[in-house]
Amino acid sequence: MESKQLVYEGKAKKLYKTDDADLLLVQYKNDLTAFNGQKKATEHGKGALNNQISSLIFNVLQTKGIPNHWVKQLSEDKQLVKHTNIIPIEVVVRNVSAGSLAKRLGLSEGDLLSQPIVEFYYKDDELGDPLINEDHIRLLDLVESSVLLNMKELAHQVNLVLIDYFKQCDLRLVDFKLEFGFDSNGELMLSDEISPDTCRLWDIHTNQKLDKDVFRQGIGSVDEAYNVVLERLKGAVSHG
Ligand code: UDP
């Protein structure tokens with residue numbers, strides 16, 4: 001499909017219009033940012049790795065009945081998705097203590113949580129994406145309470161599917177971020193990407209980090225780490 005007009009350029013992706021108003025072409029970029037854009041780099045091949053990883057994951061979620069925007073992979077670094085109006089809430093699911101949770105609550109990195117935790121963050125760069133709760137979401141009128149409940153339920157379902165999928169790849173799903181949107185029929189669906197940029201993934205045996213923490217913490221090659229994830233996902237057979 002031929003790229004048309006650029007609709008939006010974010011930190012990690014460019015969105016283009018297509019001949020169909022309901023579909024967008026997504027081009028994954030090689031740029032990496034961390035710490036609210038304070039650390040930046042370009043990693044050759046990162047966009048292609050994340051596009052392929054995200055495509056495999058969304059495909060698995062679709063087969064498990066989780067509604068999402070992914071239509072098909074078009075090339076190494078491009079995919080076709082349904083046009084959705086993104087809800088400005090980042091939904092983070094956590095299974096193991098790490099990152100901002102460990103810092104905020106004084107937990108050790110790597111502690112297994114007794115049950116998965118779902119958190120909401122307000123998608124607002126100027127405010128630095130603050131942690132918010134259901135009351136804040138109601139106050140700001142970001143989304144109806146019934147939809148929020150739906151998002152939380154879907155987030156738990158995604159977690160169960162992905163824990164199992166990654167386990168088959170000898171990967172531990174520590175935590176991840178989801179975004180949701182409405183399609184042109186007003187249907188709620190999972191959007192954005194699911195990749196090592198948006199998940200923490202550790203080798204199940206060695207706890208080696210195979211995600212964006214490699215970049216955040218400067219502890220190795222992003223390309224090598226993301227390649228390990230892609231090769232393992234490709235090799236995995238999804239349970240029917
Ligand atoms: N995350 C993300 N985008 C964000 C913030 C977080 O994809 O803007 C992901 C992050 O990669 C991790 C999870 O959400 O997998 C939880 O992130 P955390 O709150 O620990 O913040 P971080 O330490 O990444 O700043």
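First listed ligand is number 1; within each ligand, the first listed atom is number 1.
For ligand 1, the atoms closer than 4.0 angstrom to any heavy atom of G99 are 20 (O), 23 (O). Using a 4.0 Å cut-off to heavy atoms of Y121, the atoms of ligand 1 that qualify are 19 (O). In the vicinity of D197, heavy-atom distances shorter than 4.0 Å reach the ligand 1 atoms 7 (O), 11 (O). Every atom of ligand 1 with a heavy atom of V92 under 4.0 Å away is listed here by number and element: 14 (O), 16 (C). Near C199, with a cut-off below 4.0 Å to any heavy atom, the atoms of ligand 1 are 15 (O). In the vicinity of R94, heavy-atom distances shorter than 4.0 Å reach the ligand 1 atoms 16 (C), 18 (P), 19 (O), 20 (O).
The side-chain tip of K14 does not point at the ring of Y8 from less than 6.0 angstrom away and within 45° of straight on.
Using modelled atom types, one side-chain atom of N95 and one backbone atom of L173 make a donor-acceptor pair closer than 3.5 Å.
When distances from atom 3 (N) of ligand 1 to the protein are checked, a heavy atom turns up under 4.0 Å. Using a 4.0 Å threshold on non-hydrogen atoms, atom 6 (C) of ligand 1 does not count as touching the protein.
Using a 4.5 Å heavy-atom threshold, the side chains of F58 and H69 count as touching.
A side chain to side chain contact (heavy atoms under 4.5 Å, CB included) with K11 is found for exactly one of L32, D31, T33, namely T33.
By the neighbour-count criterion of 12 heavy atoms within 6.0 Å, atom NZ of K40 is sparsely surrounded, having that number or fewer from other residues, nucleotides or ligands.
Checked for salt-bridge contact, D164 and K167 miss the test: no charged N lies under 4.0 Å from a carboxylate O. Of the charged side-chain nitrogens involved, at least one lies within less than 4.0 Å of a carboxylate oxygen, so that E109 and K209 count as a salt-bridged pair.
Protein heavy atom at the shortest distance from atom 1 (N) of ligand 1 is K177 CB, 3.7 Å. D175 OD1, 2.6 Å is the protein heavy atom nearest to atom 15 (O) of ligand 1. R200 NH2, 3.5 Å is the protein heavy atom nearest to atom 22 (P) of ligand 1. Summary of contacts: the protein heavy atom closest to atom 11 (O) of ligand 1 is R216 NH2, 2.9 Å.
Taking the six-membered ring wherever Trp is involved, the centroid distance between the rings of F120 and H136 does not fall below 6.0 Å.
Taking all atoms of both residues into account, the shortest heavy-atom contact from P196 to L210 is CB-O, 3.8 Å.
Residue contact annotation: E90 has a non-hydrogen atom under 4.0 Å from ligand 1.
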